Student: 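I have a structure here, written as structure tokens, and I will follow up with some questions on it.
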Protein chains: 4
Amino acid sequence: MAPPTPRLVVSVDLKKKPWEQALPLHNRWHPEIPPVAHVKVSEVFRVEMVDWTGSVIKDDDSAADVKFIDLSTVHYLSGPIRVVDKNETPAMPGDLLAVEICNLGPLPGDEWGYTATFDRENGGGFLTDHFPCATKAIWYFEGIYAYSPHIPGVRFPGLTHPGIIGTAPSMELLNIWNEREREVEENGDKSLKLCEVLHSRPLANLPSTKGCHLGKIKKGTAEWEKIAKEAARTIPGRENGGNCDIKNLSRGSKIYLPVFVEGANLSTGDMHFSQGDGEVSFCGAIEMSGFLELKCEIIRGGMKEYLTPMGPTPLHVNPIFEIGPVEPRFSEWLVFEGISVDESGRQHFLDASVAYKRAVLNAIDYLSKFGYSKEQVYLLLSCCPCEGRISGIVDAPNAVATLAIPTAIFDQDIRPKAGKVPIGPRLVRKPDVLRCSYDGNLPTTKNPAASM
Amino acid sequence: MAPPTPRLVVSVDLKKKPWEQALPLHNRWHPEIPPVAHVKVSEVFRVEMVDWTGSVIKDDDSAADVKFIDLSTVHYLSGPIRVVDKNETPAMPGDLLAVEICNLGPLPGDEWGYTATFDRENGGGFLTDHFPCATKAIWYFEGIYAYSPHIPGVRFPGLTHPGIIGTAPSMELLNIWNEREREVEENGDKSLKLCEVLHSRPLANLPSTKGCHLGKIKKGTAEWEKIAKEAARTIPGRENGGNCDIKNLSRGSKIYLPVFVEGANLSTGDMHFSQGDGEVSFCGAIEMSGFLELKCEIIRGGMKEYLTPMGPTPLHVNPIFEIGPVEPRFSEWLVFEGISVDESGRQHFLDASVAYKRAVLNAIDYLSKFGYSKEQVYLLLSCCPCEGRISGIVDAPNAVATLAIPTAIFDQDIRPKAGKVPIGPRLVRKPDVLRCSYDGNLPTTKNPAASM
Amino acid sequence: MAPPTPRLVVSVDLKKKPWEQALPLHNRWHPEIPPVAHVKVSEVFRVEMVDWTGSVIKDDDSAADVKFIDLSTVHYLSGPIRVVDKNETPAMPGDLLAVEICNLGPLPGDEWGYTATFDRENGGGFLTDHFPCATKAIWYFEGIYAYSPHIPGVRFPGLTHPGIIGTAPSMELLNIWNEREREVEENGDKSLKLCEVLHSRPLANLPSTKGCHLGKIKKGTAEWEKIAKEAARTIPGRENGGNCDIKNLSRGSKIYLPVFVEGANLSTGDMHFSQGDGEVSFCGAIEMSGFLELKCEIIRGGMKEYLTPMGPTPLHVNPIFEIGPVEPRFSEWLVFEGISVDESGRQHFLDASVAYKRAVLNAIDYLSKFGYSKEQVYLLLSCCPCEGRISGIVDAPNAVATLAIPTAIFDQDIRPKAGKVPIGPRLVRKPDVLRCSYDGNLPTTKNPAASM
Amino acid sequence: MAPPTPRLVVSVDLKKKPWEQALPLHNRWHPEIPPVAHVKVSEVFRVEMVDWTGSVIKDDDSAADVKFIDLSTVHYLSGPIRVVDKNETPAMPGDLLAVEICNLGPLPGDEWGYTATFDRENGGGFLTDHFPCATKAIWYFEGIYAYSPHIPGVRFPGLTHPGIIGTAPSMELLNIWNEREREVEENGDKSLKLCEVLHSRPLANLPSTKGCHLGKIKKGTAEWEKIAKEAARTIPGRENGGNCDIKNLSRGSKIYLPVFVEGANLSTGDMHFSQGDGEVSFCGAIEMSGFLELKCEIIRGGMKEYLTPMGPTPLHVNPIFEIGPVEPRFSEWLVFEGISVDESGRQHFLDASVAYKRAVLNAIDYLSKFGYSKEQVYLLLSCCPCEGRISGIVDAPNAVATLAIPTAIFDQDIRPKAGKVPIGPRLVRKPDVLRCSYDGNLPTTKNPAASM
């Protein structure tokens with residue numbers, strides 16, 4: 001009988017730089033990045049991936065690497081992978097590519113990861129006005145469990161998943177992306193609530209030749225120069241899937257991706273050992289290298305059949321996901337709520353981003369009563385299996401968002417109790433010696449409430 | 001031994017109007033609405049509630065009642081209930097009131113509910129620019145299950161919960177609410193993305209004497225006039241809990257509410273047989289009359305101990321929730337994604353409300369391929385046990401929101417499949433004869449993309 | 001529209017004796033017990049039930065009622081209920097009756113129950129050789145939760161279900177029952193491992209006119225005399241369903257019962273607020289009065305289509321069950337194992353009953369280290385939501401059975417821990433003052449190991 | 001920082017025979033089998049294992065290998081592993097060894113397994129009187145899923161676990177085993193219900209030098225001869241754990257094993273990709289080679305503290321298990337029931353083994369209506385994630401056992417339905433060409449009912 005072992009189609013060598021790999025990685029979306037591997041429908045194949053930074057972040061006690069990281073180089077993706085059917089006919093624009101995640105995990109011998117917050121001047125994050133400094137926590141894996149020397153007293157099973165999985169955009173779709181993102185970058189969102197104190201954070205991440213890697217396309221060639229100027233960054237999720245950061249996309253999940261170019265040109269990367277909904281600290285999951293075992297099917301004509309464009313063109317679609325049947329059982333959840341009133345007391349109109357920010361801040365303040373620093377909790381909520389929900393989005397003027405945290409991940413009872421002092425006996429261990437080095441314009445000068 | 005049967009502290013008679021009840025209901029938040037009942041900690045007591053509109057919506061096939069509803073009268077709440085400890089000392093400002101939901105359900109003999117969308121000119125909803133007409137679906141209950149003659153082919157177990165549970169605000173907190181909501185109503189949110197086509201929808205619901213009911217306080221008295229002018233509407237969730245619409249707040253849940261006035265003055269109402277995260281259609285859960293069986297504990301000084309104010313005053317806090325251990329098991333979920341690019345193709349910056357809107361629209365379009373009208377799906381997603389998540393909130397410029405729908409609620413397989421036409425054999429049954437009567441300024445005149 | 005409220009077809013008045021009810025109850029299986037109610041397929045109807053003893057057991061601190069109970073009168077069942085289809089054609093022999101449990105619960109105003117062990121001379125139980133005395137624990141309900149003043153420190157959500165639901169047997173089936181049970185009663189099971197020390201326990205419960213109640217059939221008539229002599233006791237589960245004691249048969253479950261007589265003649269009773277797998281103490285669930293809301297369908301010819309007789313006649317079939325989607329989530333389970341070596345050290349061959357007995361005894365001994373008496377634990381394991389599994393039944397000579405207990409039902413951590421004394425600080429509270437009154441031939445005289 | 005990668009302490013080479021491995025395997029329990037590896041508490045270490053037969057069973061379409069297997073050689077175990085604490089003090093008799101399963105899985109490159117029934121004359125199984133022939137199904141793994149070319153139309157996620165994990169017995173415990181098993185082998189169980197037609201099946205598996213492997217002890221030496229004559233077979237689970245076959249013992253589980261010899265001498269093997277409760281076909285899980293990543297703790301004096309001997313000596317104890325938090329979610333289960341009346345119609349007294357046999361036979365008959373042969377279903381129920389429960393063990397004379405099968409593992413709806421012929425369109429594919437070759441004394445000659 002045929003051997004069922006997954007065929008390894010992309011391997012990585014962690015001792016080499018991302019651009020030195022046998023099958024070179026890429027960190028941009030563009031239709032002309034050539035495939036590095038070919039797979040057939042129904043075969044199970046294995047893809048290995050470096051962590052999203054390409055080994056820039058180290059397993060140590062300093063956040064210097066996080067603080068000074070060159071973010072123009074992320075995320076390093078494995079692929080593109082060309083998909084054909086049993087008759088060797090490739091996936092074609094208009095098809096749906098159904099990708100099943102059969103298995104996944106850390107790379108053997110590299111069972112660790114990290115969660116970090118970027119410096120406000122270099123990347124920032126959801127709460128960068130409250131936490132402007134770079135911090136870092138290292139996580140070690142014991143099989144399904146992760147624990148961190150920097151956040152003692154928690155241990156949880158990971159719901160491991162790829163942060164990024166997507167198909168290559170067509171030139172037409174790429175142009176749409178570049179136009180709309182340039183528009184917001186140049187003219188701003190009319191409503192910059194979230195980022196009004198983020199004086200240095202760009203509103204979008206436009207194409208840049210700096211840091212650009214295009215797989216098999218040689219740097220310095222004219223082809224490279226042309227593509228590098230056009231190719232989209234991998235930071236945001238978009239119509240092709242990409243950085244969707246869906247924390248439940250683990251074993252047994254299926255992703256229905258629209259196909260925009262011949263062969264589909266599937267790429268993936270940004271493996272997460274675990275992530276909380278929202279991935280709030282930005283470098284926010286437990287980031288790691290890893291592998292995926294995948295199986296593809298092609299649903300011919302599936303885009304038209306199953307997806308409805310919701311914008312000016314037929315390309316304005318989104319992928320569909322089926323989440324897998326295996327996940328950790330948690331019995332008890334403590335739920336924090338936020339409403340769309342910001343830290344200064346100002347009312348916003350049904351703004352779920354503000355509400356979620358408040359829910360996360362509430363949870364951070366609460367958990368910091370149990371022996372943790374706020375920075376530790378921020379990192380923890382970014383990567384533990386917590387659920388971020390939009391509970392109410394219609395009751396003007398308040399959106400209600402909630403953050404639900406499984407109580408079993410802590411080694412102490414974190415529920416409110418009569419007659420019990422919540423502060424645990426544990427010594428707070430600082431996650432990062434660089435934490436206090438921030439010397440930019442602190443948010444407190446603009447927004448007194450934000451200094452909590 | 002002592003009889004353990006829950007003591008009925010508030011009963012309602014559905015044949016009477018809300019203001020004719022033996023213990024009169026109220027529909028505003030104000031510290032001076034006097035308690036109608038008293039309970040002790042540890043005793044299990046029962047509270048009955050009318051539906052949020054006080055029986056205005058009827059079990060019939062017309063949405064006329066929804067279209068012309070007077071929204072100044074909602075929500076009718078049962079209470080306030082004064083809570084004392086075993087020594088008869090009342091809950092005091094600064095305490096936490098822990099309220100456990102021991103049991104709940106529809107009122108016996110009234111096992112039905114409704115889900116509706118309001119007319120764009122009278123209430124609106126999350127997708128009112130896409131669905132400007134009033135619609136209504138009736139649901140009947142068979143024990144834990146609900147089914148609707150207006151949305152055939154679905155049946156699901158309810159995760160029943162109160163939409164509203166909260167304590168009375170202090171005068172100081174009430175003033176904060178009124179000021180910040182008046183500010184947004186008068187000067188606008190700088191960022192009116194969601195409502196820019198909602199020309200007639202108010203940004204906030206300010207105090208109004210019209211439709212006001214204040215429990216035991218007699219209408220027409222000077223006291224009534226004064227309080228009615230100050231009392232906050234019950235529409236939005238706020239620091240006191242209130243309309244939090246957390247769909248998992250079912251049997252076994254515990255709510256830790258801050259206490260702002262002596263006795264806590266707990267009120268509750270707006271029973272939901274089932275609700276989807278976001279309650280997107282606004283009249284969006286399966287709304288019903290019902291009962292709660294509750295048990296209170298007082299955590300003395302708990303506000304200071306467990307809650308951290310996140311604004312200019314110590315009153316800027318939010319309740320904490322512990323969700324119960326009993327819920328329907330679902331094995332398979334289909335997940336729809338939205339990113340913060342709106343229907344016109346315009347890019348927004350990390351806006352979770354826009355992203356969630358797109359996720360819901362994607363789901364509506366998808367499910368409408370299986371034999372449903374879009375109005376039917378909009379109502380369904382508002383009330384079935386679907387989960388709305390903030391998946392990514394950091395990858396500029398796109399927020400990613402997801403809507404996960406349990407596939408088992410449908411009587412057909414709704415997953416994408418190769419070689420299978422998705423459209424089911426079922427005839428679409430219109431949920432409402434009034435659906436096409438909208439004659440205001442259609443959104444298409446302002447926003448072409450919104451006419452999909 | 002039609003009112004969907006369940007029609008009450010059998011009501012009970014707890015102030016009256018079982019035989020005084022408006023619709024008289026019955027406690028035997030016989031085809032000639034006439035129906036007391038009629039239902040149509042698809043209608044939701046409500047059935048009320050007394051507890052299995054008909055209110056003999058009281059809510060007090062004495063087990064005298066348990067010790068001297070007349071077991072010839074159990075179980076009091078509500079029904080029979082005749083089922084017809086939409087054309088008034090009754091269910092016919094050879095059909096399957098699909099009964100859905102839409103809702104269920106305690107009778108309002110009677111929210112309490114009991115768990116007990118019978119005296120070795122009057123009923124006994126699975127572990128009667130270890131626990132020969134009558135004991136009793138009272139449970140009070142707080143909504144979904146039960147707690148007991150006699151077993152402090154535990155509280156758990158109930159998975160409420162009917163212990164008995166079944167159709168009437170045909171005369172032919174009844175004869176089969178009576179013959180095979182008389183055979184074992186008279187000639188013994190060749191292998192009386194379990195009961196070799198149960199000198200007084202009958203091997204079967206044969207028909208007896210004593211204590212017999214036959215519903216509408218008047219006592220003293222010739223008809224009554226004839227039927228009472230033939231009618232089967234309700235103690236064991238059999239081909240017609242009956243006392244199946246499946247603990248997960250709660251809301252949303254469906255039971256496919258074979259039909260043996262015209263109209264099916266459905267009866268039900270023996271409501272359990274909660275039960276552990278095995279119901280080991282015999283009076284072993286949290287026994288209570290209660291109600292069921294049911295809906296029936298008829299699958300014509302379903303017996304032949306779906307059931308295969310597994311014995312000499314086509315009547316040797318068993319019902320099929322579909323368990324409902326709603327149950328308490330438990331995250332952590334402690335699992336105790338038993339192998340088929342008995343307390344004296346003797347080896348049995350693949351005997352799952354012996355193995356399960358050992359697993360239960362192991363769990364009792366373990367939990368008694370945490371501040372409980374063994375009698376308390378025996379009662380607890382009989383009624384809490386624990387799972388009893390046949391883990392291995394093939395590895396000669398040892399069957400392996402396991403008992404899994406959800407750790408969350410205890411208010412202390414019951415897991416083994418290094419450097420921690422397991423005995424909790426709680427005072428043991430005796431569940432029953434009669435516990436030490438046993439004065440028969442104690443098992444220790446025959447089996448030294450059983451005296452643990 | 002220290003590298004957290006699990007240290008590989010026992011590796012296997014599948015190209016070599018079990019006795020040729022670098023660290024030789026063993027297939028008996030004996031205190032004098034020397035450790036092959038040493039581990040410290042808290043370190044995560046990796047153990048590789050051959051399948052239980054040591055590669056005798058092949059990935060092909062013939063059951064000849066199963067039919068003629070030499071069962072004297074099973075199970076091949078990896079170990080013993082000596083466990084010491086941080087001060088190098090070994091685990092000592094009287095301690096508890098807490099073994100956490102951090103991770104586990106098939107050996108990379110060997111992602112397949114098999115389920116089989118033995119010939120009635122060579123091994124047999126739970127239903128060998130109904131299925132006397134050797135059969136075999138091969139399973140292939142796609143990540144978490146298994147599917148079989150021999151049982152088409154089913155696919156399920158595995159709940160992978162070791163069938164065997166145990167500590168070495170002391171000489172005293174070994175003697176107890178040998179005595180009690182010899183007693184049953186020689187004098188019989190007084191109640192041979194299950195095996196009365198199993199004329200050739202031994203009642204126990206006594207020590208035999210044939211097929212014996214003792215790890216580092218050289219065959220042919222006097223030491224080997226002595227130990228081989230005493231060493232216990234690994235077939236049954238016993239006081240040391242061993243072949244407990246608990247299907248939920250997967251990632252995150254913890255096993256508390258009693259320590260009988262210095263160093264604990266932990267051994268493990270018999271990896272199962274998936275197993276149903278009972279492992280009914282004997283070679284009944286999806287048997288495979290595999291690896292475990294384990295972490296040990298020592299609870300000093302834990303045997304006395306936590307285990308209570310339940311027999312004549314302090315050694316009559318059983319391990320305790322804590323099952324892990326990760327498992328497949330299933331929403332719907334179909335439940336088959338069996339009562340303790342055997343196939344001939346004879347009544348047994350509260351015999352859970354007979355009842356479980358009937359439940360399994362009922363399930364086999366039912367599922368064979370959906371396009372499967374009974375042999376296929378027997379193999380399937382032995383290895384799929386079905387739950388076997390002891391539902392009622394007290395209602396004389398009938399024990400009630402149930403078998404619950406998750407409906408989602410089938411690609412067709414297997415529930416009973418009105419007006420629907422259950423037989424699916426799929427062609428039955430015979431799992432094995434040897435299926436009809438049985439030529440012994442068929443059970444039909446002794447027991448007509450068993451010929452179904």
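All of these numbers come straight from a predicted model, not from anything done at the bench. Chain naming here is simple, since letters A, B, ... match the order of the sequence lines and numbering starts at 1 in each.
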Student: Of the listed residues (Gly392(D), Gly388(D), Gly276(D)), which shares the most heavy-atom pairs with chain C below a 4.5 Å separation?
Tutor: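 Option with the greatest count: Gly388(D).
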Student: Testing the basics here: between Ile246(C) and Thr402(D), what is the closest heavy-atom pair and its distance to 0.1 Å?
Tutor: CD1-CG2, 3.7 Å
Student: Ignoring hydrogens and angles, tell me if any N or O in the side chain of Asn318(C) forms a donor-acceptor pair with the backbone of Ile339(D) under 3.5 Å.
Tutor: no
Student: Using a 4.5 angstrom heavy-atom cutoff, name the option from Glu279(D), His316(D), Glu179(D), Glu297(D) with the most pairs to chain C.
Tutor: Glu279(D)
Student: Rounded at 0.5 Å granularity, tell me how far CD1 in Ile235(C) sits from CG in Asn398(D).
Tutor: 11.5 Å
Student: Could you state the interatomic distance from CD1 (Ile390(D)) to CZ (Phe126(C)), rounded to the nearest 0.5 Å?
Tutor: 6.5 Å
Student: What's the shortest heavy-atom distance between Glu322(C) and Leu334(D), and which atoms?
Tutor: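 The pair with the smallest heavy-atom distance is CG-CD1, 3.7 Å.
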Student: With a 4.5 angstrom heavy-atom cut-off, could you sort out which part of Ile298(D) is near chain C: side chain, backbone, both or neither?
Tutor: backbone
Student: Please check if the side chain of Asp365(D) supplies one atom and the backbone of Pro309(C) the other of a donor-acceptor pair under 3.5 Å.
Tutor: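 Checked: no pair found.
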Student: Considering only heavy atoms, which portion of Glu239(D) lies under 4.5 Å from any heavy atom of chain C: side chain, backbone, both, or neither?
Tutor: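 When you check distances to chain C, atoms from both the backbone and side chain of Glu239(D) fall under 4.5 Å.
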Student: Specify which of Val341(D), Leu403(D), Val400(D) makes the most heavy-atom pairs with chain C at under 4.5 Å.
Tutor: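 So the answer, after comparing Val341(D), Leu403(D), Val400(D), is Val341(D).
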Student: What part of Arg238(D) gets closer than 4.5 Å to chain C, counting heavy atoms only: side chain, backbone, both or neither?
Tutor: both
Student: So how far is it from Glu332(D) CD to Lys254(C) NZ, rounded to the nearest 0.5 Å?
Tutor: 9.5 Å
Student: Please classify the contact between Arg389(D) and chain C as side chain, backbone, both or neither, with a heavy-atom cut-off of under 4.5 Å.
Tutor: both
Student: Counting only N and O atoms by type, is there a donor-acceptor contact under 3.5 Å from the side chain of Ser353(C) to the main-chain atoms of Ile393(D)?
Tutor: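 Absent.
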Student: Measuring heavy-atom distances to chain C, does Glu337(D) have an atom under 4.5 Å in its side chain, in its backbone, in both, or in neither?
Tutor: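 Both parts, backbone and side chain.
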Student: I'd like to verify something: which residue of Asn205(C), Thr407(C), Ile320(C), Ile405(C) has the highest number of heavy-atom pairs under 4.5 Å with chain D?
Tutor: Ile320(C)
Student: Given the options Ala352(C), Gly324(C), Gly278(C), which has more heavy-atom pairs under 4.5 Å with chain D than any of the others?
Tutor: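 Looking at each of Ala352(C), Gly324(C), Gly278(C) in turn, Gly278(C) comes out on top.
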Student: Who among Cys244(C), Gly302(C), Ala399(C), Ser331(C) has the most heavy-atom pairs with chain D under 4.5 Å?
Tutor: Cys244(C)
Student: Whether Arg346(C) and Glu183(D) form a salt bridge (side-chain N of Lys/Arg under 4.0 Å from carboxylate O of Asp/Glu) is what I want to check.
Tutor: no
Student: Indicate the atoms forming the closest heavy-atom contact of Tyr306(C) with Tyr366(D), along with that distance.
Tutor: O-CD1, 3.1 Å
Student: Please confirm whether the backbone N or O of Arg415(D) pairs with a side-chain atom of Tyr256(C), one donor and one acceptor, at under 3.5 Å?
Tutor: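 No: the side chain of Tyr256(C) does not pair with the backbone of Arg415(D).
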Student: Can you tell which part of Asn248(D) gets under 4.5 Å to a heavy atom of chain C, answering side chain, backbone, both or neither?
Tutor: side chain
Student: Could you tell me the separation between the CZ atom of Arg233(C) and the CG atom of Asp395(D), rounded to the nearest 0.5 Å?
Tutor: 11.0 Å
Student: Measuring from atom NZ of Lys369(C) to atom CD of Glu305(D), what distance do you get when rounded to the nearest 0.5 angstrom?
Tutor: 7.0 Å
Student: Measure Ala204(D) against the heavy atoms of chain C and call it side chain, backbone, both or neither at under 4.5 Å.
Tutor: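 The answer is both parts of Ala204(D).
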Student: With chain C, which of Gly237(D), Ala363(D), Pro416(D) has the greatest number of heavy-atom pairs at distances under 4.5 Å?
Tutor: Pro416(D)
Student: Test your reading of the model: is there a side-chain donor-acceptor pair from Asp245(D) to the backbone of Ser391(C), 3.5 Å cut-off?
Tutor: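 No.
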Student: Please round to the nearest 0.5 Å and tell me the distance separating atom CG of Leu350(D) and atom NZ of Lys357(C).
Tutor: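 If we round to the nearest 0.5 Å, Leu350(D):CG and Lys357(C):NZ are 11.5 Å apart.
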Student: Shortest non-hydrogen contact from Val394(D) to Val280(C)?
Tutor: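 In terms of heavy atoms, the two residues are closest at CG1-O, 3.2 Å.
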Student: Checking Val317(D) against chain C: side chain, backbone, both or neither under 4.5 Å from a heavy atom?
Tutor: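 It is neither, since no heavy atom gets under 4.5 Å.
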